[in-house]
Amino acid sequence: MICRNVATNPALRNSDFFRHLISKSPNLAHLTQTHAQIILNGLQTDVITITKLAQKLSDFNSIRHASLLCHTFPKPDIFLFNVLIRAYSHNKNPLSAISTYAKIRKTTILKPDNFTYAFILSALDDGLDERLGLLLHCHSVVDGYGSDVFVGSAVVDWYFKFSRVGLALKVFDGMPDRDTVLWNTVISGLARNCAFTEAMKIFMKMLGEGAVFDSATLATVLPAAAELQEMTLGKGIQCLALKIGVDCHAHVLTGLVSLYSKCGDCDTAEYLFGQILRPDLISCNAMISGYTCNHDTESAVGMFKELLHSRERVNSSTLVGLIPVHSPFGFLNLTYSIHAFSLKSGVVSNPSVSTAMTTVYSRLNEIEPARKLFDDCPEKTLAGWNAMISGYTQNGLTEKAITLFQQMQGSDVRPNHVTVTSMLSACAQLGALTLGKWVHDVIIKEKLEMNVYVSTALIDMYAKCGSISYARQLFDSMPDKNVVTWNAMISGYGLHGHGQEAVTLLNEMSASRVLPTEVTFVCALYACSHTGLVKEGNDIFRSMVHDYGLKPLSEHYACMVDIFGRAGQLNKAMEFIEGMPVEPGPAVWGTMLGACMIHKDKKLARIASDKLFEFEGEGVGYYVLLSNIYSSERSYAEAASVRQLAKKKQLAKTPGCTLIEIGGTPHVFTSGDRSHPQSDAIYEKLESLLGKMREAGFQTETVTALHDIEEEEKEISVKVHSEKLAIAFGLISSEPGTEIRIIKNLRVCVDCHTATKFISKVTERIIVVRDGNRFHHFREGMCSCGDYW
DNA sequence: ATAGGGTTAG
């Protein structure tokens, strides 16, 4: 009909008419016909008409047609090319966008303008060479668009896309004018890069400067508040939404659903979800994840099934929200079903799904399936690496964690604060001070976020690796401490035998506003038992029950038994056990047995060991302990039978080994080890030491060496314990007067303990030993543990 | 004649 009009009314066949016709065009067929009319009317060289046509063609996804139009146009201007670049950008075809840009610069005299840069920068995705973006940023500045808000927003967004957070902020700071979109770009970029605290700060700054914000701003900042579990700030944002009348916007409501979900208020989340007129997939995902993280798996699965029925597609986010990462133990079958579903539907190759599943399996201590998921995932993201590394450290597989971290270093993914937190935990477990210090340097050099997790991990690492005073220095300088931070410090003091400091710190903690937990008291009681602070331990136990209303766990009882037992008050320990309101478990009897062995009380030892035997199969330590009792009574046949029992249950004893770092290189020794290249020199050194030690009064203990849990093999006459080898190696490979630090996986035996005291005396060295339980600082023939260990 | 930013998952 319109076409007939054209034919009958020549006066209307001008550029304006066709432009109107193009914009009203309902489909591609109509548009093609209009193109024909344009040519018939001789307007095929009118740049405005053709630009409009190219734009409409790309709206109908006919990019090839639009491209042909541009490239065959006799005198194209920059507008026409801009439209084409925008088309490529929308069509997610960055390579064509770039080649168009290259063509403009190489084959025309046209100058790219602010539109060109804005379009092309937004077309670049993270699959491309980073230098392209840098080059374009450069060109835009040279061409004088360095202060243009549109180009600026695109540049900032691009830096965030490539996780160059620092550079993005630098560009943002350099912008003379900032509009709402630029602010929003920065806030969303920070949130996308997990810099939630920074995102909140920028939002505050935006409010402070009186900048205009809109629903997009609030929808962008809400997830940051949700991630930080900042309910107060979140409610403030909700008020602002009300104030500017966008509290019913779907995006804002979705953000609020997420906020309330993550802060544990599932009811409000559900109510707000109900306010969304037409919930889309994203808001449903938010609600599903809300149900899951509040352990309402039934509702989560219900909504998931509903979604499956109503649409044929759910996305990876739906599935991730359904995976019970926070409570995997209660929902094993669900976990397996989700795994099966993701395998069947192929979403398992989505890095987020894979990462969530990796996390769940790690938490279930199923490390092999976790590793398989990680290996099978085609794209290794930061979260994926982090999940696998922390999976290893949380399961005590520290060497594997470190190996994986080294592999990560070789990839193009850079570690963040989460990665280093796991690595610090691995170092703490291993006692790897050099590696730990290196990680600390990385944190400083890379300016990684220093949150309470990182600082606590640092304190724990330094404490567990022997630098207790530096740990305290860090502790004092930390602006925010939570209960875990305090616990780490108190436990550090316990490890080093600084019981008094631990008690003082516990009191300081009560004075501050941080409430102690059961763990705090385990740490504090442990510190008391290892320093022989009987009265203090008793007071703390009573305070825990009466002042804090905490119910003692078996660990607390075991600590108390240890406190009495080590101090030689065996009858009091027994009385304490008899007065327990709950049935004493293997931990309590094991501790009692240990105390009986130290103080050589065979009668009570027999009672404790009989009790302990009722818990057979609980762990290898008790079998070893039992067998040691029999050996010390020279009941070798019985001893052998107990060991046989342990072996039958495939509970082989952990072999003893000791690690020493010299110049950053770790050296590991096992009992009677002769594999070290400097083995001869080491044994020679030991021989000469022994002579000097004997002169100073040292005698080898043989009988008493037969009694501790998990010591190294009792073959002193044949094999030299790994600890002595490491010390001897330390002596010959370090300057006189320097401190020697060694780490042993098992508890140190009496003979080595005494020997180390003498070595520290005759060599005038400080020797720091971290054994399986605690630290020993040897100096001038004395040990900091006061012989309690 | 052509603009840029938003909500879910690890």
Side-chain angles (χ1 to χ4, degrees), chain A residues 15-16 19 22-23 46-56 58 77-87 89 113-119 121-122 148-158 160 179-189 191-192 194 213-223 226-227 246 249-259 261-262 276 279-290 292-293 314-323 325 347 350-360 377 381-388 390 418:
Chain A
S15 161
D16 277 351
R19 250 182 284 162
I22 291 165
S23 63
D46 179 68
V47 73
I48 295 177
T49 308
I50 293 302
T51 305
K52 192 82 196 166
L53 181 64
Q55 193 201 338
K56 197 69 185 176
S58 50
D77 63 1
I78 195 68
F79 286 94
L80 185 55
F81 280 115
N82 287 350
V83 166
L84 186 63
I85 292 175
R86 190 188 74 134
S89 162
D113 63 7
N114 48 349
F115 286 86
T116 320
Y117 289 115
F119 292 147
L121 276 161
S122 63
D148 183 281
V149 271
F150 287 97
V151 179
S153 293
V155 169
V156 168
D157 200 40
W158 176 80
F160 277 123
D179 65 359
T180 306
V181 176
L182 182 56
W183 283 103
N184 292 357
T185 307
V186 171
I187 295 170
S188 104
R192 286 200 314 263
C194 304
F213 59 89
D214 60 9
S215 69
T217 320
L218 303 180
T220 314
V221 79
L222 273 169
E227 283 298 330
V246 295
H249 273 48
H251 287 171
V252 174
L253 281 169
T254 305
L256 286 169
V257 167
S258 165
L259 172 78
S261 294
K262 294 230 168 108
I276 301 174
D280 60 355
L281 181 61
I282 291 175
S283 53
C284 288
N285 288 350
M287 198 60 238
I288 288 174
S289 132
T292 302
C293 64
V314 292
N315 65 12
S316 56
S317 183
T318 323
L319 223 58
V320 173
L322 199 61
I323 298 170
V325 268
V347 239
N350 173 286
S352 294
V353 173
S354 162
T355 301
M357 292 301 303
T358 303
T359 309
V360 173
C377 187
T381 61
L382 178 58
W385 286 103
N386 287 348
M388 199 60 235
S390 80
V418 180

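Chain letters run A, B, ... following the sequence lines, proteins first and then strands; every chain starts at 1. As a basis for the values below, the full set of heavy atoms in this structure was taken, side chains included, without hydrogen atoms, waters or symmetry mates. Since this is a predicted model, take the numbers as computed values, not measurements.
Looking at residues 213-222 of chain A, you'll see A/D214, A/S215, A/A216, A/A219, A/T220 sit with a heavy atom under 4.0 Å from some atom of DNA chain B.
As a whole-Å value, the separation of A/E227 CD from B/dG6 C1' is 16 Å. Between the P atom of B/dG10 and the CH2 atom of A/W385 lies a distance of 21 Å, rounded to the nearest Å. Between A/M357 atom CE and B/dA9 atom P the separation is 18 Å, expressed in whole Å. Taking atom CG of residue A/L253 and atom C1' of nucleotide B/dT8, one finds them 14 Å apart after rounding to whole Å. As a whole-Å value, the separation of A/N285 CG from B/dA9 P is 8 Å. Taking atom NZ of A/K52 as the reference point, atom C1' of B/dT2 lies 9 Å away to the nearest angstrom. Atoms CD1 (A/I323) and C1' (B/dT8) sit 14 Å apart, rounded to a whole Å. Note: CG (A/L382) to P (B/dA9) measures 17 Å, nearest angstrom.
Set against B/dT2, B/dG4, B/dG10, the side chain of A/V83 has B/dT2 as its closest nucleotide. Comparing B/dG6, B/dA3, B/dT8 by their closest approach to the side chain of A/N315 singles out B/dT8. In this structure, of B/dG6, B/dG10, B/dG4, it is B/dG4 that holds the atom nearest to the side chain of A/V181. The side chain of A/I282 approaches B/dT8 more closely than any other nucleotide in the set B/dG4, B/dG10, B/dT8. Here the nucleotide nearest the side chain of A/F150, chosen from B/dA9, B/dA1, B/dA3, is B/dA3. Among the nucleotides B/dA3, B/dG10, B/dG6, the one closest to any side-chain atom of A/H249 is B/dG6. Of the candidates B/dT8, B/dT7, B/dA9, B/dT8 carries the atom nearest the A/A286 side chain, counting heavy atoms from C-beta on. In this structure, of B/dG6, B/dA9, B/dA1, it is B/dA1 that holds the atom nearest to the side chain of A/T51.
When heavy atoms are screened at a 4.0 angstrom cut-off, A/T49 is found touching no nucleic acid atom at all. Among the atoms of the strands shown, none is found under 4.0 Å from any heavy atom of A/V47. Residue-level contact check: A/T355 touches the backbone only, with heavy atoms under 4.0 Å from sugar-phosphate atoms and none from bases. At the heavy-atom level, A/A356 lies under 4.0 Å from the strands shown only through sugar-phosphate atoms. Residue-level contact check: A/P351 touches neither bases nor backbone, having no heavy atom under 4.0 Å from any strand. When heavy atoms are screened at a 4.0 angstrom cut-off, A/D46 is found touching no nucleic acid atom at all. Using a 4.0 Å heavy-atom cutoff across all strands shown, A/S317 reaches at least one base atom of the nucleic acid. Within the nucleic acid shown, A/S352 comes within 4.0 Å of at least one base atom, counting heavy atoms only. Across all strands shown, A/T180 has heavy atoms under 4.0 Å from base atoms, whether or not it also approaches the sugar-phosphate.
For A/K262, the side-chain contact (heavy atoms from CB on, under 4.5 Å) criterion is met by A/A226, A/E227, A/S258, not counting sequence neighbours. Remark: A/S316 engages A/N350 in a side-chain hydrogen bond (donor to acceptor under 3.5 Å, both in side chains) (not counting sequence neighbours). For A/F115, the side-chain contact (heavy atoms from CB on, under 4.5 Å) criterion is met by A/N82, A/D113, A/F119, not counting sequence neighbours. The side-chain hydrogen bond (donor to acceptor under 3.5 Å, both in side chains) test applied to A/S89 returns no partner, not counting sequence neighbours. For A/T254, the side-chain hydrogen bond (donor to acceptor under 3.5 Å, both in side chains) criterion is met by no residue, not counting sequence neighbours.
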Exercise for the section: Any chance you could lay out the side chain to side chain contact (heavy atoms under 4.5 Å, CB included) test for A/T217 and A/T180, step after step, and finish with the verdict? Expected result: CA-CA 8 Å; A/T217 320; A/T180 306; 3.9 Å; yes
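In this model, the phosphate group of B/dA9 is approached by a side-chain N or O of A/K262 to a distance below 4.0 Å at OP1 or OP2. One finds a side-chain N or O of A/S289 lying less than 4.0 angstrom from the OP1 or OP2 phosphate oxygen of B/dA9. At least one side-chain nitrogen or oxygen of A/S188 sits closer than 4.0 Å to the OP1 or OP2 atom of B/dG6.
By the 4.5 Å heavy-atom criterion applied to side chains, A/V246 and A/D214 are not counted as neighbours.
A salt bridge is defined here as a Lys NZ or Arg NE, NH1 or NH2 lying under 4.0 Å from an Asp or Glu carboxylate O, and A/D46 with A/K52 fails to meet this definition.
Side-chain N/O atoms of A/D179 and base N/O atoms of B/dG4 include a donor-acceptor pair closer than 3.5 Å.
Nearest heavy atom pair, residue A/A87 against residue A/S58, reads CB-CB, 3.3 Å.
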